[in-house]
Amino acid sequence: MDAIAIISALSISLTGLSSWQFAADRSQLSTQRAAWLLSCLCVALGLLLEGVLVPDADWPNWLGTHLIFWGLVLQIWALTAFSSRAVPRYFWPLILAALALHFILLLGISEFEPNSLLFGIVTAVYFCALFSLIAVWYWWVEAELGSRWPTLFSILYACAALMFLARIVLQALHLPADSVWVDAVEMGLYILASTANIYGGFGFLLIVLRLKNRQLARQAQLDGLTGALNRRGLELLLQRLSSPSLANASLSVVMLDLDYFKQVNDRMGHAAGDEILIKLVAFLQQHLREADVVARYGGEEFCLILPQTTLADAAARVEQIRAGFAQLACLDEAPVYRCTFSAGVACRAQLNQEITEVLELADQLLYQAKQAGRNCVFTEQGRWQT
Ligand SMILES: Nc1nc2c(ncn2[C@@H]2O[C@H](COP(=O)(O)OP(=O)(O)OP(=O)(O)O)[C@@H](O)[C@H]2O)c(=O)[nH]1
């Protein structure tokens with residue numbers, strides 16, 4: 001058992017260290033990674049103290065149990081920081097109160113005799129609760145990252161929690177310490193709890209890497225200058241909107257292009273042109289709904305996707321934005337300077353109409369708007385006027 005405890009402690013420390021060391025970007029998620037590493041070290045030291053380093057001494061045994069408690073609390077904290085589910089306000093005070101109670105109970109009932117029945121049951125209840133909470137949060141975090149089913153990580157923690165439950169039942173039944181059942185549960189509990197902690201380190205590392213990948217994938221779909229969706233992001237969005245489940249959803253597409261932008265660049269400089277592009281995207285995002293998408297189609301041309309929007313609503317909204325933008329001081333260094341855009345608006349009218357067809361139509365209407373003198377919005381019915 002001692003050798004197993006040493007191997008477990010070593011493995012837990014090393015997986016904790018790996019999750020700290022190999023998580024992609026050191027500057028990010030550093031608090032959670034530090035918390036996880038500390039938790040692994042606490043659990044590992046706790047396992048060693050629980051009878052290996054100073055066998056038969058009560059205080060190291062007690063200290064070891066408490067270190068494992070704190071290690072598990074840290075794991076919960078690190079996982080909750082990844083989840084969008086808010087922890088109830090009473091959660092952490094409750095955990096602290098429970099651990100304080102455990103401490104008081106130990107001093108009060110047994111003067112460092114941690115094997116008393118009540119103390120054993122309370123300890124098992126706490127461990128059962130902590131392992132269950134880790135299992136639940138593991139599952140929540142992984143579900144938010146796209147896992148459809150509970151992964152092995154959360155299942156292992158849940159199994160360890162069940163073994164603690166079995167220990168509570170056996171203790172309540174007053175089975176003798178040399179009973180086969182007690183032996184089996186103690187062995188199963190030790191193996192499952194240690195494996196959960198070793199394997200949990202890899203799970204944590206995977207969570208950190210998946211979060212990082214998701215962030216990189218998101219960045220790869222954004223335009224570096226304006227923060228709007230880039231062409232690649234737009235194409236992925238169009239693919240999604242063409243999928244069978246969304247193919248019939250009503251939406252409008254707007255193609256929008258700044259007027260005489262070459263002249264702006266030539267007269268005011270490229271940096272001024274960049275500033276206008278940034279201001280335009282900010283203005284669009286400010287005046288559209290959260291569900292609407294602003295994408296940079298290329299150069300000074302933008303594509304807006306407005307879900308659940310009729311042609312009339314879309315055209316009216318874009319016309320309102322056009323009028324507003326034409327009044328906007330879009331260059332800090334030249335407050336009197338004004339810039340305009342032209343737009344073509346099309347709507348997915350028929351069921352199953354290809355989204356690319358709608359986009360092409362909006363592009364043709366944009367061309368008509370340019371031909372009609374610019375600074376206006378065109379639909380299939382011609383120039384839009386409110
Ligand atoms: N500053 C800046 N300019 C850009 C950027 N991307 C494209 N452009 C410029 O956008 C201008 C587009 O010019 P044109 O296609 O002739 O269009 P326009 O002058 O707006 O004329 P119309 O569209 O017909 O009204 C070019 O001068 C490009 O250099 C960018 O990221 N920053």
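Counting starts at 1 for both ligands and their atoms, in listed order.
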Student: Is the NZ or CZ atom of Arg231 positioned over Tyr297's six-membered ring, under 6.0 angstrom from the centre and within 45° of the axis?
Tutor: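 Judged by the rule, Arg231 and Tyr297 form a cation-pi pair.
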Student: Working note: Arg296 + Leu229, criterion side chain to side chain contact (heavy atoms under 4.5 Å, CB included); need CA distance, chi angles, decisive distance, verdict.
Tutor: CA-CA 6 Å; Arg296 190 169 176 193; Leu229 214 61; over 6 Å; no
Student: With a cut-off of 3.5 Å and sequence neighbours excluded, list every side-chain donor-acceptor pair involving residues 304-311.
Tutor:
residue : atom : partner : partner atom : Å
Thr309  : OG1  : Arg289  : NH2          : 2.8
Thr309  : OG1  : Leu306  : O            : 3.2
Thr309  : OG1  : Pro307  : O            : 2.7
Thr310  : OG1  : Asp313  : N            : 3.2
Thr310  : OG1  : Asp313  : OD2          : 3.3

Student: Could you check whether Glu144 and Ser84, counting side-chain N and O atoms only, form a donor-acceptor pair closer than 3.5 Å?
Tutor: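 Indeed, the side chains of Ser84 and Glu144 share at least one donor-acceptor pair under 3.5 Å.
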Student: Look at Arg317 together with Asp292 and state whether they make a salt bridge at an N to O cut-off of under 4.0 Å.
Tutor: yes
Student: Near ligand 1, which residues have a heavy atom under 4.0 Å away from one of its atoms?
Tutor: Asp257, Leu258, Asp259, Tyr260, Phe261, Lys262, Asn265, His270, Gly273, Asp274, Leu277, Arg296, Gly299, Glu300, Lys370, Arg374
Student: Any donor-acceptor pair under 3.5 Å linking the side-chain atoms of Asp223 with those of Thr226?
Tutor: yes
